[in-house]
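These numbers were taken from a predicted model, which means no experiment stands behind them. Order of the sequence lines fixes the chain letters, A, B, ..., with proteins taken first and strands second; residue numbering starts at 1 for each chain.
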Amino acid sequence: MSNATERVSLYSLSDLKATSDDALPNYLNSLKFKQSHFLTDVRLALGYFTFAISGVTFLWDHKYGFAHTKQWTAVAVAVYFVFNTILTWWMLVTERGVVYQGTAPSGEFISIVSATKKNVPVYNLTITVTDKASKKHVFTFSKPFTAWFDETGRFVAVPFQELLATTVPLVGKCDPKRVTVSQDLLDATPEVLDAILAANSAAAVGSSSAAEVAGKGGKSKRRKA
Amino acid sequence: MSSSHETSIQASPSTSSLSSFINRLHHKSPTMISGLGGPRQIAASLMNFAMVLSTAFMMWKGLSVVTDSPSPIVVVLSGSMEPAFQRGDLLFLWNRNLMRETDVGEVVVYEVRDKDIPIVHRIVRKFGSGETAKLLTKGDNNLSDDTELYARGQDYLVRKDIIGSVAGYIPFVGYVTIALSEYPALKTVMLGLMGLTVIMQRE
């Protein structure tokens, strides 16, 4: 399901989303982003602690019987449901749709939320970059899954990575070869442009991919499906 | 009188319906953070499964605490209370004397000293009052009262032998647990299926 070389059914929205979700950490971690598992770890800690409460209750009950453990059982049930509520809240509110959090090599924090609407084959990403001055920059993109799945259902990394690198300057800076230059980008972020230029001049001799980027100019060219 | 006439019942923490509810709750949850978190993903899947089981168990215990009964939902296993209750009826018990004492005419579930299986029968005689009142029970469909069913040397019940009065029932639903206890393999199958759905599904 998560393997990029595996084929998924193009008609299964959840498979498309899961494969795309899994591609995010693979890509960003390959750019030396340091993935943060804080949300997951808190969820696991909450979950297993909650489970432990019920486990202890079960053992008490099993050993001493209901009549002798009544008060403790009442307390345990209350505590259990408090923690279960916190866990549910954590999953539904704090963690909602978050598929990646991590720190860029340059120190910015990136958090990515993905979402799909039922029966709409469009991948919606909301990327929040918190810079070193704690200022938040939000980028969104909504693209149909056909942009990076070929007609056999295989995930194609390059266009997916291009989209990400082009949408988020922070990613573009880390992976300039994947940035497809548009006028907006040229206007918006000089530092990305610098990185692209640097990459291009470094690879100018004989590198086809750099030449391609330079040659594309206005619009990103999709591979043939 | 043969012991097959006792209306024995069985505790049923009806996990199946609860778990499917909780299942849905957890599957609506956000996609887990994946990628390099291989062990984390396994831990998260196991956690979902553990939460399904433990939530069902704690709901059961919560009901126990509220009703003050060690086994607040039971299934009728025999026909000794017909026509009031049939085999397979699901009974809801209440074990608190908030307004008045447990009295003649009430259908109660009791446990005989040193016997595991609780029995649901009606109170037909009461002598005295309070915790020490002497109670006699009888199945509506039985010819004689329950003195034969009580433990050796036990001629009557007292309040603390009773684990609840019947407060409500659903017919037939209990056949699921009868099937589960008569064919124990079904339990394994059900538990396995529950585990699989939690681990395999991803949205």
Side-chain angles (χ1 to χ4, degrees), chain A residues 1-2 13-15 17-18 21-29 35-41 43-44 46-48 50-55 57-58 61 65-67 69-71 73-78 80-81 84 87-88 90-101 113-116, chain B residues 11 13 21-22 24-72 93 95-96 111 116 118 160-164 198-203:
Chain A
M1 183 153 76
S2 57
L13 191 54
S14 65
D15 280 357
K17 178 170 184 288
D21 286 348
D22 285 349
L24 286 166
N26 285 344
Y27 175 48
L28 293 176
N29 291 343
Q35 187 169 2
S36 157
H37 293 287
F38 177 72
L39 291 176
T40 315
D41 290 345
R43 167 156 52 92
L44 289 175
L46 275 171
Y48 280 105
T50 313
F51 179 65
I53 295 171
S54 77
T57 311
F58 177 79
D61 190 70
F66 177 72
T69 53
K70 226 184 268 181
Q71 275 85 18
T73 304
V75 173
V77 168
Y80 179 88
F81 282 104
N84 204 331
L87 174 65
T88 309
W90 185 265
M91 288 165 71
L92 293 184
V93 180
T94 315
E95 260 189 301
R96 163 142 257 150
V98 175
V99 285
Y100 185 87
Q101 289 196 327
V113 171
S114 80
T116 49
Chain B
F21 161 73
I22 297 154
R24 256 177 283 129
L25 192 79
H26 282 257
H27 287 156
K28 281 257 153 61
S29 68
T31 336
M32 51 194 83
I33 294 181
S34 51
L36 290 185
R40 281 188 175 84
Q41 208 162 20
I42 294 164
S45 298
L46 280 177
M47 189 193 88
N48 282 356
F49 185 48
M51 293 310 288
V52 169
L53 290 182
S54 70
T55 307
F57 175 71
M58 290 311 260
M59 278 177 153
W60 173 249
K61 280 291 140 200
L63 198 60
S64 281
V65 167
V66 170
T67 58
D68 197 28
S69 170
S71 175
L93 306 184
N95 195 31
R96 289 182 190 277
E111 260 169 346
D116 274 348
K160 72 169 172 21
D161 293 324
I162 292 172
I163 62 170
V198 174
I199 290 168
M200 306 283 282
Q201 246 169 300
R202 185 178 166 166
E203 190 135 6

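- A pairwise comparison of heavy atoms in A/R43 and B/M47 identifies O-SD, 3.6 Å as the closest pair.
- In this structure, the portions of A/T73 lying under 4.5 Å from any heavy atom of chain B include both its backbone and its side chain.
- The greatest number of non-hydrogen atom pairs below 4.5 Å with chain B, out of A/I53, A/L24, A/D41, is found for A/D41.
- The shortest heavy-atom contact between A/F66 and B/K61 is CD1-NZ, 4.2 Å.
- Going from atom OG of A/S54 over to atom CE of B/M51 covers 7.5 Å, rounded to the nearest 0.5 Å.
- B/Q41 has its side chain out of reach of A/T40: every pair of non-hydrogen atoms, C-beta onward, lies at least 4.5 Å apart.
- For the pair B/V65 and A/A74, the tightest heavy-atom approach, listed with the atom from each and the gap, is CG1-CB, 3.7 Å.
- Summarising the geometry, atom CG belonging to A/D61 is positioned 10.5 Å from atom CH2 belonging to B/W60; distances are rounded to the nearest 0.5 Å.
- Between chain B and the residues A/A115, A/A76, A/G47, the largest count of heavy-atom pairs under 4.5 Å involves A/G47.
- Annotation: side chain to side chain donor-acceptor pair (under 3.5 Å) contacts of B/S64 (sequence neighbours excluded): none.
- In terms of modelled atom types and a separation under 3.5 Å, the side chain of A/Y48 and the main chain of B/A50 share no donor-acceptor contact.
- Looking at heavy atoms from C-beta onward, A/F81 lies in side-chain contact with B/M58 at the 4.5 angstrom threshold.
- Of all heavy-atom pairs spanning A/F51 and B/S54, the tightest one is CD1-CB, 3.6 Å.
- Heavy atoms closer than 4.5 Å to chain B are found in both the backbone and the side chain of A/F58.
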